[in-house]
Asks: 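Below is the structure I would like to discuss, written out as structure tokens.
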Amino acid sequence: MGTRRLAALRGNPWAVMTTTCLGYFITILNSTSVSIAVPEIQAGLGASLSEVLWVVGGYVLALAVLTVTAGRLGDVAGPRTVFLAGMAVFTVASTLCGFAQTPWQLIGARLLQGVGAALIIPQTLTMMTLVFPPERRGRASAVWGVTAGLAGVAGPTLGGLLVSTAGWRSIFAMNLPVGVLIVVLTLLVVPPAVTGQAARRLNAAGAALAGVGLGAITFGLLEGRHYGWGTVASVADVPVTVPMVIGLGLLLLAGFVVHQHRAREPLVPTRLFADRTFTLMTASMAIVSMCVITLSLTMTLFLQTVLGMPAAQAGLTLAPWALGMTFGFPVTARLTERYGGERVLLGGLLVYAAALAAVGLLSRPGVAGYALVAPLAIAGLSQSAAFGPITSLAMRDVASDLAGAASGVFNTIRQTGTLFGISVLGTVLQARLDAGLASTSYGTAFGAAVRFTLLVCAASVLLAALGSYLNARSRRVSREPAPRSDASRSPSA
């Protein structure tokens, strides 16, 4: 009887939205909940710092590389079909994660899980857009956005409770029943007739160049210390070093840019970056995303390995950060309507930089957990004041025929910023920790490494604020009417 009732809802916009948002929720939740389990995974599998960062970074790497391609695949095969395929891959990969016995088995399963998530995420907004009429899409998009915020809130807290009570494998085990439920709901309530835009060609060469390039850079940064920044392997008696791997990654990304410039249907239309505001806002989003993952991972490790908090307590300590971001979004929307996106963004970035610096300076052995609550909450509030305006400003002047591509590029670069945050975090944190352990205790050395890392993040956010200020100022100047000359005296006249 329950199945018949659900089948009767087939095509109902709110039923479709509930199903797709549940799929979106589980992909975001899985990213944030795994971060809180990093120390337990490290201890349970005997993983090194670089390996455990691969557990987080592998998921993001697949998202960064495949999101745009997956969106195009939805145009070719239909978003419902691709969503179902992604959910199946995600669920199977989650099962493999739960049974992993070595760090690299878990990393491989996480990469596969990221592939599933990359297939899922672009289709969620597409299907919602297709079933809602234009006048009702605003509310649906707001629900879609709040879903990510709720997943951010629930991730550290729920993940901490699961890790403390049932171990880190339970984080992946919970995806199995949820994934099956979402597949069943999709088959029942999402009509097969839901299709996207006209079919396009998949730019496989572009996806391969971007994927291998990002993978090579990530490998070099995360594994460089393991190889002493020297030889990784020998090919025909020629040593392949870590700098060579990173250099190859940079060359491949350069090749990707050239290829996209010449491609008939590029994944990343390069003419998007002729829009200065879009370019600056995209760079700012990459910086903010890099700092978000850095703050999450450094504090997760600091709270559990230095302050000795159990995972559940660490998750609750981080909850004000996610709650601040969630409750900040509606406030940011009202402030943007009243004062304009440029002013809200500039204020948000400046406060965010101050909050990062405050958290970093407080990260010392013996600090009380409650002392971190206020700066973490402020960090969350200021993040919302950055994320919202950055997105709206980036898309403000984009031509209508490039809106879809711009959205895909923007989200891809956001994920790339997260990926580089993980990569650079592993390199910088480990280097500073190694230097400190030579003369002091682990807790003191780790606290110093966290302070240095978060202060670097704060400086990066200040650079983004400077770029935002200069861009807003140049736009104000360009809108001022230019003095008119006497046309009769001009050579053209």
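Computed from a predicted structure; not experimentally measured.
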Asks: Give a yes or no answer on whether the side chain of Arg110 reaches the backbone of Val55 with a donor-acceptor pair at less than 3.5 Å.
Replies: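 Here the side-chain-to-backbone pair exists.
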Asks: List the atom of Leu372, the atom of Leu303, and the distance in Å for their closest heavy-atom pair.
Replies: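 The pair with the smallest heavy-atom distance is CD1-CD2, 3.8 Å.
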Asks: Give, for atom OG1 of Thr19 and atom CE of Met87, the distance between the pair rounded to the nearest 0.5 Å.
Replies: 11.5 Å
Asks: Report yes if the side chains of Val461 and Cys291 come closer than 4.5 Å at any heavy-atom pair, otherwise no.
Replies: yes
Asks: Looking at residues at least two apart in the chain, or sitting in another chain, which of them share a ring pair (Phe, Tyr, Trp, His ring centres under 6.0 Å) with Phe273?
Replies: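 If we apply the ring pair (Phe, Tyr, Trp, His ring centres under 6.0 Å) test to Phe273, skipping adjacent residues, the hits are Phe278.
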Asks: Using side chain to side chain donor-acceptor pair (under 3.5 Å) as the criterion, list what pairs up with Gln123, not counting sequence neighbours.
Replies: none
Asks: Might you point out which heavy atoms bring Met299 and Leu454 nearest each other, and give the distance in Å?
Replies: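 Minimum heavy-atom separation between Met299 and Leu454: SD-CD1, 4.4 Å.
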Asks: Output yes when a side-chain donor or acceptor of Ser164 lies under 3.5 Å from a complementary backbone atom of Ala312, and no otherwise.
Replies: yes
Asks: Return yes if some donor-acceptor pair links the side-chain N/O of Thr294 with the main-chain N/O of Met290 below 3.5 Å, else return no.
Replies: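 Checked: pair present.
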Asks: Does any non-hydrogen side-chain atom of Leu345 lie less than 4.5 Å from one of Met281?
Replies: yes
Asks: Tyr59 vs Phe90 aromatic rings, parallel, tilted or perpendicular, using cut-offs 30° and 60°?
Replies: perpendicular
Asks: Find out whether Ser48 and Val52 are in side-chain contact, i.e. whether some heavy atom of one side chain is under 4.5 Å from a heavy atom of the other.
Replies: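 Ser48 does not reach Val52 side chain to side chain.
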Asks: Check Pro389 against Thr332 and note the closest heavy-atom contact, atom names and distance.
Replies: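 The answer is CD-CG2, 3.8 Å.
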Asks: Check whether any side-chain heavy atom of Pro375 sits under 4.5 Å from a side-chain heavy atom of Leu362, and report yes or no.
Replies: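 Touching, per the 4.5 Å side-chain cut-off.
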Asks: Looking at side-chain heavy atoms only, is the closest gap between Leu176 and Thr91 below 4.5 Å?
Replies: yes
